[in-house]
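So the structure is just underneath, and the comments pick up after that.
Heavy atoms only: backbone and side chains are in, while hydrogens, waters and symmetry mates are out.
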Amino acid sequence: MSHDHSHSHGPGEACAHDHGHDDHNSPEYIQKTIKKYLAVGGILFGGTVLTVAMYYVHIPSVAITIAVALLIATVKAGFVAGVFMHLSDERKMIYGVLICTVFFLIGLMALTIWAMHDQPFQTLIDGKPA
Amino acid sequence: MQPNPTFLEQLKQGFMPILASEHGKDVDHFIFLVHVLMAALFVGWLTYFLFALFRFRKSANPKADYVGAKGTISQYAEIAVVVIEAILLLAFAIPLWAKAVEKYPADKDATVMRVTAEQFSWQARYPGKDGIFGKQEMKLVSDKNPLGYDDKDPAGKDDASSPPKDIHVPLIPIKVDGRDTFKPVIVHLTSKDVIHSFKITAMRMTQDCIPGMSIAVHFTPTKVGKFNITCAQLCGNGHASMNAQFVVDSPEDFEKWFAEKTVKAGAPKVDLE
Amino acid sequence: MQATTQTHSQEAHSHEHHHDPGFLRSYVFSSDHKVIGIQYGFTALVFLMFGFLLMMCMRWQIAKPGTAIPLVGGLLENFLGDVAKGGVMSPDLYNAFGAMHGTIMVFLAVVPLAFAAFGNYVVPLQIGAVDMAFPRINMASYQCFAAGGVVMFVSFFIPGGAAAGGWTSYSPLATIIPTQGQTFWLIGMVLLITSSLLGAVNFIATVIQLRAPGMTWMRMPFFVWAQFVTAFILLLAFPPLEAAGILQLVDKVFGSSFFLPTGLIVSGKPYDVSGGGSPLLWQHLFWFLGHPEVYVLILPAMGVISEIIACNTRKPLWGYKSLVYSVLAVGFISFIVWAHHMYLTGMGTKISTFFQTTTMIISIPSVIILTCLFMSLWGGSIRFNTPMLFALAFLPMFGIGGLTGLPLGFNFSDLHLHDSYYVIAHFHYVVAPGTIFALFAGIYFWYPKMTGRYMNETLGKTHFWLSLLGMNLVFLPMFFQGLYGMSRRMSDGGATYALVDTAGKVNPANEGIVTALTGTVMHLNVFITHAALLLLIAQIPFVINVFMSMFNGKKVESDNPWQATTLDWQTPTPPPHGNFTKEIVVYRGPYEYSVPGQTSDFIPQNQPDAQPAK
Amino acid sequence: MEIPYTAKPRPDTGLYNAKLGIWLFLASEVMLFGGLFSSYILLRVGADLWPHGMLSIPIGTFNTFVLIASSVTVVMAWASLKLGNPGKFKAYMAATILCALGFLSVKSYEYYVKFTHYDVWFKDDATAEKYFKAAYGEKGTEETRKQFVERFHLHNTKATYDPAQIQLAGHIEGNPLCTNLKKLVGAKQETIKFTPDAPLGSHEHPHAIEVKLSDVQRLSSYVPAHSTFFAIYFTITALHGLHVLGGAIVLAYFLLTVDKWWKKAPEQFTNRIEVGGLFWHFVDLVWIFLFPIIYLL
Ligand code: HEA
Ligand code: HEA
Ligand code: CUA
Ligand SMILES: [Cu+2]
């Protein structure tokens with residue numbers, strides 16, 4: 001949504017977000033974005049086809065398969081979030097929230113995985129100390 | 001019967017229970033150090049606090065001062081806390097933990113055993129002369145073989161199991177780097193059912209026993225005596241009674257006990273109360 | 001404005017303003033943040049009482065294991081059946097009460113009271129908003145909470161009783177207990193978590209969007225900051241526990257094994273599940289919430305304390321900015337310290353070093369917060385009214401609780417202290433004489449705003465001194481028990497591994513064991529239980545006070561009885577629907593007390609210009 | 001009393017309330033699904049065996065297309081409102097809801113197929129081999145082992161497994177839903193008629209065989225209790241399905257009330273559609289990760 005620039009600001013508050021381009025409400029702008037949405041839809045379809053195709057091709061390395069599949073998924077997710085959800089053109093506040101979220105999510109995953117793998121006292125496999 | 005120390009006597013020894021392990025000294029010392037820091041902070045702030053309440057009560061100071069405290073004493077106090085915490089962490093907690101908990105003695109220099117916890121009992125298994133435990137697999141568990149030892153495994157032929165809730169180790173003097181000490185104990189801990197926690201206060205040792213995992217702890221007993229093993233992790237309605245005795249024997253007593261009380265190879269009996 | 005000040009009770013008041021929306025709409029299905037706040041507060045107080053009563057039963061069992069509980073024993077037997085046969089608590093019942101004491105106190109009493117009740121009532125007022133940003137979601141949040149509470153409460157009466165795996169609900173224990181108590185617990189938790197999430201979204205949106213003109217970030221009262229950070233913690237830390245709860249629910253109901261490893265043997269028989277799960281996974285997901293949760297318990301309390309201290313020292317908070325940055329730091333770091341609850345699950349040196357370092361780091365902002373509050377006293381003109389007494393007592397009590405967190409935070413000392421009564425004492429010092437005192441302080445402080453009447457000071461001070469004494473007599477001895485090696489969650493208070501029982505009789509099973517609990521330690525059990533009884537009795541003046549003062553309390557002389565600066569006091573009493581009767585514009589920081597050269601010793605935030613002394 | 005910034009954004013944040021609200025909510029959703037994905041990773045990394053190709057990729061791909069299409073239509077619905085065209089909005093919104101229903105129907109079908117597909121484990125090696133042979137002829141043991149190796153991607157045929165560890169997969173006569181050994185025995189049944197799956201590389205089902213329940217160690221349809229893989233698959237997809245359902249209900253509500261709202265408060269209504277759309281895209285986004293992780297890897 002756009003700014004209502006005529007709105008008077010409260011004392012001591014500044015306008016946090018400023019954007020140069022034309023009004024987001026104008027029909028021309030919307031028309032333009034519609035084209036963008038359709039293009040992104042196409043990209044998403046393409047990405048899906050690519051992922052599935054890769055599965056049938058059978059890349060020998062499991063690590064590469066996983067990496068590529070996740071990469072494609074991330075790119076697709078980027079398009080959905082960036083364009084459909086207008087994240088590419090969002091307010092600072094929302095970036096702040098999302099950055100925190102991602103940081104904590106990575107913390108959760110990485111630290112848990114690290115903790116599960118730093119268990120030097122895990123011993124005794126088949127009767128013999130490991 | 002044991003002498004029953006009075007409150008004062010217990011307070012004098014820092015309200016810590018009897019100590020019978022080597023790294024336990026470090027634990028106690030460290031706990032003491034941390035409490036000194038805590039006490040210093042607490043007493044310092046409390047004195048200030050009571051003084052401030054008295055000095056600045058409304059009747060004594062009817063008009064408050066807009067600015068309040070000036071000066072940087074409180075910053076110094078904060079910095080001091082940071083520094084002391086850093087020292088405690090870097091100079092004590094981390095290296096002591098690494099030394100006492102992670103650095104294992106070699107198997108051949110230690111009394112090795114495996115303790116299996118279950119609702120609500122403890123049982124030890126000694127590996128015998130070959131130093132290798134027979135296979136233990138939960139899928140072999142049956143009425144006759146409650147802990148799932150593999151009878152067919154040759155490594156298990158010389159293993160021996162303690163009676164439930166009665167675990168012994170010998171106290172054997174040895175020299176390490178010219179220093180007199182005793183033979184350390186390595187305990188591999190596992191559980192059949194839920195999470196238990198193997199706690200011997202005299203050894204200053206606690207370790208969770210987690211089903212599906214085998215986790216080892218080690219410590220060096222320094223005194224002959226009978227100590228408690230308690231279960232420190234809630235494990236069901238018998239949790240409170242899931243204790244056992246951990247007996248540190250003289251070598252002779254240990255041999256005697258071992259010959260008389262343990263069950264060789266095969267499957268030991270476990271009584272489930 | 002003066003006209004509406006006059007002191008009607010809450011009910012009489014709202015009828016004046018609008019067309020009568022009917023009893024149900026006004027008090028049960030209201031979307032007014034103040035009504036919702038009061039609903040939360042009242043429900044939470046009832047649960048607080050309930051949690052305490054559960055603990056009184058347990059304390060009896062700890063002190064006198066195996067004997068019938070006086071007075072309530074018969075009742076328990078009537079309602080709960082065989083688990084309380086002859087009025088004696090069975091271990092099963094002890095475990096159920098223990099798990100539910102923890103759950104109820106944390107999720108049904110303190111969070112709803114500290115965050116939801118005070119937050120709802122006070123935050124919109126303090127930022128000059130007409131209501132929460134999403135009033136109907138606010139209402140849904142309370143309804144979810146109430147439903148969760150009902151599910152938890154009902155679980156006591158189902159066959160087999162309530163959840164008995166501790167408030168931490170570690171799998172496999174929680175999963176393999178054959179009764180359905182845990183299922184109820186999980187469903188209850190999912191409802192409570194949902195309620196908290198809705199609340200958190202609402203709080204954050206409200207603070208960001210609905211601040212009155214001029215209410216910049218650095219002009220917000222510290223209480224609002226505390227609630228804001230708390231809301232973020234709830235928003236981001238609770239969902240992983242919700243995920244874990246869902247997984248455990250699937251384990252329990254559909255027989256999967258997310259948290260059950262291969263090869264479980266239960267009661268001598270292989271447990272019929274596929275296996276392959278991880279018990280430690282539950283612990284990680286639980287403590288990922290569990291640790292931030294403790295800051296959810298403490299931050300709102302610190303917020304309340306700050307308001308009261310500023311007002312009753314008649315001077316600005318010392319180091320407002322440090323307070324704000326510290327509370328932000330606490331909120332942030334609280335997400336990466338969780339595994340200090342898991343040092344003894346077999347962690348290596350590297351990972352435990354990481355977690356103990358972050359644990360030490362997080363204690364620094366806590367120290368700064370406390371230091372600021374302490375320094376705020378200097379130069380004040382301190383009024384010792386009941387809210388202030390509770391607020392002041394909070395400081396050393398939290399100090400004790402916080403400081404004793406340090407030896408637990410170092411893994412090397414945790415080796416001895418883990419899961420002992422030392423831990424119990426540590427956190428109760430923070431939550432009971434800490435948070436609960438802050439909540440009492442808040443109730444005494446805002447009661448006049450909610451009802452137009454003061455609470456009785458004599459009863460209040462009696463409540464305070466007896467509670468202060470009771471709390472310390474209850475929790476101080478626990479440090480000693482813990483150091484001596486007494487484990488928590490013992491349904492017999494450790495009698496099985498004591499040398500002598502509480503009556504002084506020798507326990508032959510422990511003959512010759514040199515680390516068995518001594519008679520002294522066992523006697524502390526009895527002592528603590530008596531102290532807990534004192535603490536219970538100390539609450540009687542409070543309950544009387546809350547209800548009596550509604551009708552005969554001294555009426556407030558003005559809308560701003562404490563002469564405070566923040567916006568919550570610049571409204572009619574009690575505030576009407578929509579809160580403010582005039583346009584609110586904020587001109588200054590939150591704690592302009594005793595500004596030099598002024599006639600009045602306080603300048604409300606919305607007062608346009610200061611009045612220089614003549 | 002009126003709550004400000006429900007229609008117009010607040011100048012200093014540039015946001016209207018609901019938009020901030022939904023993003024906060026989505027942040028918590030990220031942590032919710034993040035918790036589940038973390039669990040998935042941990043369980044998978046810690047597992048001895050992890051099955052592959054248990055789910056139909058064509059069906060999954062189809063459903064992915066359906067969700068992506070719905071994401072396009074929902075954003076178009078919002079853009080139509082922005083252009084002041086409630087008629088087009090209705091068409092796009094209807095398409096979105098149809099997609100949602102299509103997705104859910106396909107998902108239900110997938111669930112149904114799994115609930116009626118069974119694995120049987122036998123008591124000991126000899127018994128197992130007997131049944132393998134009954135199912136696939138003389139080379140039965142090899143065939144089932146091949147299936148096992150294929151399922152767990154153990155392309156190392158030299159590895160030896162005790163046959164009792166290997167399951168025989170197939171259907172039970174009458175296609176019972178989610179039954180198990182306990183239930184069958186409880187119903188006093190002694191044998192079942194079992195149609196094993198077609199051998200690898202073929203589509204021809206072998207003849208049904210008679211299986212004595214007393215020979216069976218474990219019998220499970222593809223339900224959460226079957227294995228960690230199915231447990232996590234059902235949990236995450238069911239939770240995702242609930243999100244689809246919830247989103248569809250809300251969007252349908254908007255579709256039904258558009259006329260009223262469009263007249264009364266067009267700006268606020270457009271905002272609501274944007275917010276509903278944001279939620280919908282998020283659900284799509286979760287699926288974008290879910291699909292490769294669960295179906296393909
Ligand atoms: C509100 C609740 C709350 C708070 C604020 C804290 C704060 C802290 N906690 Fe606590 N904790 C709990 C609630 C809380 N805790 C609970 C409920 C459990 C048990 C859960 C269970 O197992 O059931 C627990 C358990 C627990 C453990 C696990 C113990 C174990 O199971 O073995 C650890 C270990 O690191 C720990 C550490 C800390 C630390 C380092 C802090 C720090 O943040 C503290 C920082 C504060 C200070 C350092 C104080 C500063 C004071 C001064 C500078 C001046 C003092 C002087 C005067 C006031 C006169 N806590
Ligand atoms: C916020 C959390 C909280 C609070 C406030 C308390 C408060 C108290 N707790 Fe609790 N406790 C826990 C959280 C809490 N506890 C947790 C998480 C556990 C671990 C559980 C587990 O092992 O799984 C535990 C465990 C625990 C134990 C250990 C049990 C065991 O390990 O076997 C004990 C033992 O004494 C105990 C005692 C007490 C006491 C005496 C109080 C007292 O301080 C209570 C004081 C209460 C009041 C002062 C309330 C007064 C209010 C009213 C009377 C309301 C009035 C009503 C109206 C006006 C309507 N608690
Ligand atoms: Cu075993 Cu507690
Ligand atoms: Cu913690």
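In terms of non-hydrogen atom pairs under 4.5 Å with chain D, the most contact-rich of C/D272, C/L198, C/L236, C/L197 is C/L236. Between chain D and the residues C/T262, C/I204, C/I137, the most heavy-atom pairs under 4.5 angstrom are made by C/I204. Ranked by heavy-atom pairs under 4.5 Å with chain D, the first of C/P240, C/G275, C/G277, C/S274 is C/S274. With chain C as the partner, the residue from D/A238, D/G35, D/P224, D/S220 showing the most heavy-atom pairs under 4.5 Å is D/P224.
Heavy atoms closer than 4.5 Å to chain D are found in both the backbone and the side chain of C/L235. When heavy atoms are compared at a cutoff of 4.5 Å, D/A27 approaches chain C by way of both its backbone and its side chain. With a 4.5 Å cut-off on non-hydrogen atoms, D/I232 touches chain C through its backbone and its side chain both. Interface residue C/L281: only side-chain heavy atoms are found under 4.5 Å from chain D. Of the atoms belonging to C/F238, not a single heavy atom falls under 4.5 Å from chain D. Of the atoms belonging to D/S39, heavy atoms from both backbone and side chain fall under 4.5 Å from chain C. For chain C, the nearby parts of D/L36 are the backbone and the side chain; heavy atoms of each come within less than 4.5 Å. For a residue to count as touching a neighbouring chain, one of its non-hydrogen atoms must lie under 4.5 Å from one of that chain's; by this rule C/V250 touches chain D with the side chain only. At a 4.5 Å heavy-atom cutoff, the contact between C/F134 and chain D is made by side-chain atoms alone.
A donor-acceptor pair under 3.5 Å is absent between the side-chain atoms of C/Y295 and the main chain of C/V229, judged by distance alone. Between the side chain of D/R272 and the main chain of D/F254, no donor-acceptor pair closer than 3.5 Å is present. For the pair C/T206 (side chain) and C/A133 (backbone), a donor-acceptor distance under 3.5 Å is present. At least one donor-acceptor pair closer than 3.5 Å links the side chain of C/K252 to the backbone N or O of C/T175.
Of the inter-residue distances, the one linking C/I208 atom CD1 with D/D12 atom CG reads 10.0 Å to the nearest 0.5 angstrom. We find the CG-CZ distance between D/L49 and D/F148 to be 5.0 Å, quoted to the nearest 0.5 Å.
When each of C/L247, C/D251, C/V273, C/L249 is checked for a side-chain contact (heavy atoms from CB on, under 4.5 Å) with C/S256, only C/D251 meets the rule.
Using bins of under 30°, 30° to 60° and over 60° for the plane-to-plane angle, the ring pair D/F230/D/Y233 lands in the perpendicular bin.
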Derivation and outcome, side-chain contact (heavy atoms from CB on, under 4.5 Å), residues D/I3 and D/N17: CA-CA 9 Å; D/I3 293 169; D/N17 298 344; 3.8 Å; yes
